[in-house]
Each structure stands twice: as C-alpha cells, then as structure tokens.
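A quick write-up on the structure given underneath.
This one's a predicted model, so the numbers in the text were calculated from it and none came from an experiment.
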Amino acid sequence: MLIEPSPHALSLHALDARRSVPSVLLGEPGPDAAQLHAMVASALRVPDHGRLEPWRLIRIVGEARTRLGEAIAGIHRTWDPDAGDAAIGKDRARFSHAPLVLVVVARITAPHKVPEIEQMLSAGCVAYNLLLAAQASGFGAQWLTGWSAYDERVHAALGLSAHERIVGFIHIGTPAEPGAERARPQPGALLSDWQG
C-alpha cells in the first residue's frame with residue numbers, strides 16, 4: 001500500500017529544494033499580475049510582533065529597471081570618481097536582467113515597545129518568503145543588497161522616508177538554468193542543548 005506524503009513533508013521538501021538563481025540568469029517571462037499578487041499575499045504571512053506591518057514593497061519593472069540602474073551608476077560616480085568602467089557598468093546593468101525586482105523596505109516605528117531589530121527581522125522574513133513564493137510559482141529568484149541598499153541617495157531616489165531601510169532587492173524571473181546547489185551546513189554541528 002502506497003502512503004501519500006503529508007502536507008508537512010511536502011512543505012519541508014519545498015524548503016529543502018530552495019536555492020537562489022543568479023539575477024543574470026533570470027529572464028522573461030516574469031510573474032503576471034495575478035501571480036505576483038498571490039506571491040506577495042503569501043510573502044506577507046510573517047511574524048509581526050505588535051501587528052506593525054513594518055514593511056512595504058516597491059515594484060521595479062520595464063524601463064524603470066534601466067532608470068534605476070542609471071541612477072545608481074550616477075550615484076556611484078559621485079562618491080567614487082575613480083571607479084572603473086566595469087564597476088559602473090555593473091551598477092548600470094544591475095536591475096536589467098530579471099523582469100521584476102521587488103524592493104523590500106522595512107518601515108521602522110521608533111520609539112516603540114517592539115524593538116527595531118524585531119521589525120527588521122519581520123521585513124527580512126518578507127524577503128525570504130518572496131524567494132520561496134517565487135520558486136513555488138515556478139520562477140527563480142535572488143535576494144541581493146550591495147552598497148546601493150544602504151546608500152541614503154539611493155533611498156532618496158526610491159522615495160524612502162527617514163524611518164525606512166532597504167532590506168533587499170528581490171530579482172524574480174524565469175531561470176535560464178536551474179540554481180546550483182551548494183554545500184549546506186550540517187544541522188548537528190549547529191544544534192546544541194542547554195542543560196541549565
């Protein structure tokens with residue numbers, strides 16, 4: 001008699017199969033409006049101490065990807081006039097590969113009884129859930145940051161407020177090839193018991 005795997009086992013399989021696909025390998029098609037809505041709905045199911053909803057998303061698609069790359073390349077030139085053409089070109093092309101980039105923004109409420117770190121971690125969970133939702137929907141994804149995630153001029157270009165921070169740029173598209181597996185840590189090496 002064949003025993004069907006439990007839904008929990010299938011969920012663990014989805015987690016075990018998760019891997020990033022480099023953004024340069026992500027192309028068309030990207031998620032359509034209904035797929036994106038479903039992915040975001042799933043991604044927002046995260047721990048949220050205090051029900052602050054300390055996150056929001058900015059969608060970058062179409063020509064906006066090129067404009068953001070140009071803006072970031074220009075900002076790079078201002079703080080590093082000696083930057084080589086390769087570095088500037090990398091910044092310029094950074095958002096042009098995947099058809100969809102979602103900027104995960106942490107909206108920090110401070111002072112508040114919920115510590116800032118918990119609010120940041122909640123936004124980080126949204127970013128991670130986007131990776132899982134993209135893969136579950138048949139797409140590839142990569143979570144990237146780099147200097148531009150932490151630069152106040154980039155924040156201003158994206159319209160962030162003073163209390164907002166970029167958690168990451170989630171690049172989503174159809175993979176040209178599967179994401180490569182890599183060596184993973186052994187659970188036993190990282191799990192210990194506290195005896196009191």
Side-chain angles (χ1 to χ4, degrees), residues 18-31 36 39-40 43 53-111 115-131 134-135 139-180 182-183:
R18 197 216 67 79
R19 55 187 46 91
S20 294
V21 178
S23 64
V24 296
L25 297 177
L26 297 173
E28 296 285 357
L36 178 58
M39 288 166 47
V40 170
E53 298 180 4
W55 14 256
R56 69 181 179 99
L57 304 173
I58 302 171
R59 178 173 42 195
I60 312 290
V61 293
E63 289 303 310
R65 298 172 304 147
T66 303
R67 288 192 295 274
L68 181 58
E70 290 292 342
I72 287 175
I75 291 167
H76 190 160
R77 277 273 189 229
T78 63
W79 60 263
D80 186 6
D82 298 325
D85 290 341
I88 298 301
K90 183 177 179 181
D91 282 340
R92 185 172 287 115
R94 185 175 303 274
F95 301 99
S96 64
H97 306 291
L100 169 65
V101 179
L102 293 173
V103 186
V104 180
V105 177
R107 300 185 308 174
I108 304 301
T109 300
E116 289 186 32
I117 185 65
E118 291 187 24
Q119 297 177 54
M120 286 291 291
L121 289 170
S122 183
C125 288
V126 170
Y128 182 64
N129 272 1
L130 282 170
L131 298 179
Q135 185 162 309
F139 297 101
Q142 187 176 30
W143 178 349
L144 295 173
T145 52
W147 68 268
S148 57
Y150 310 107
D151 189 280
E152 291 181 2
R153 292 159 294 190
V154 175
H155 293 186
L158 287 168
L160 271 61
S161 301
H163 68 285
E164 294 183 317
R165 299 184 188 114
I166 294 174
V167 171
F169 301 98
I170 310 299
H171 300 247
I172 301 172
T174 299
E177 59 188 66
R182 62 176 174 82

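R107 places no side-chain N or O within donor-acceptor distance of the main-chain N or O of S161, the cut-off being under 3.5 Å. Using a distance-only test at 3.5 Å, with no hydrogens or angles considered, a donor-acceptor pair links the side chain of Q142 to the main chain of S23.
Using a 4.5 Å cut-off on side-chain heavy atoms (C-beta onward), L57 and V104 make contact. Proximity of L36 to R59: side-chain heavy atoms (C-beta onward) are separated by under 4.5 Å at one or more points. A 4.5 Å side-chain heavy-atom check between L144 and R94 finds every atom pair outside the cut-off. Between V105 and R165, the closest side-chain pair of non-hydrogen atoms is not below 4.5 Å. A 4.5 Å side-chain heavy-atom check between H97 and L26 finds every atom pair outside the cut-off.
Rounded to the nearest 0.5 angstrom, T66 OG1 and R92 CZ are separated by 11.0 Å. Taking CG of L100 as the reference point, atom CZ of R65 lies at 9.0 Å (rounded to 0.5 Å). One finds the CG atom of L68 at 10.5 Å from the OG atom of S96 (value rounded to the nearest 0.5 Å). From R19, atom CZ reaches atom CZ of R182 across 10.0 Å, with rounding to the nearest 0.5 Å. Between atom CD1 of residue I117 and atom CD of residue Q119 there is a gap of 10.0 Å, rounded to the nearest 0.5 Å. Here the CG-CD distance, from L158 to E164, works out to 10.0 Å after rounding to the nearest 0.5 Å.
For the pair V21 and G140, the tightest heavy-atom approach, listed with the atom from each and the gap, is CG2-CA, 4.0 Å. Closest heavy-atom contact between S148 and I166: O-CD1, 4.3 Å. Across every non-hydrogen atom of A83 and I88, the tightest pair is CB-CD1, 3.9 Å. Shown here for G159 and R56, the closest heavy-atom pair between the two residues is O-NH2, 3.6 Å. The shortest non-hydrogen separation linking A127 to V167 is CB-CG1, 4.3 Å. Minimum heavy-atom separation, L131 to A141: CD2-CB, 3.7 Å.
Residues passing the salt bridge (Lys or Arg N to Asp or Glu O under 4.0 Å) test with R77, sequence neighbours excluded: D85. Applying the ring-ring contact (aromatic ring centres under 6.0 Å, His included) criterion to F95, with sequence neighbours excluded, gives F169, H171. D151 pairs by the side chain to side chain contact (heavy atoms under 4.5 Å, CB included) definition with I75, W79, W147, R153, V154, not counting sequence neighbours.
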Decide yes or no on side-chain contact (heavy atoms from CB on, under 4.5 Å) for F139 and T174, but give the supporting numbers first. CA-CA 5 Å; F139 297 101; T174 299; 4.0 Å; yes

Determine, step by step, whether I108 and M120 satisfy the side-chain contact (heavy atoms from CB on, under 4.5 Å) criterion, reporting the C-alpha distance in whole Å, the side-chain angles of both residues, the deciding distance to 0.1 Å, and the verdict. CA-CA 7 Å; I108 304 301; M120 286 291 291; 3.8 Å; yes

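Within 6.0 Å of CD in E28 there are more than 12 heavy atoms belonging to other residues, nucleotides or ligands.
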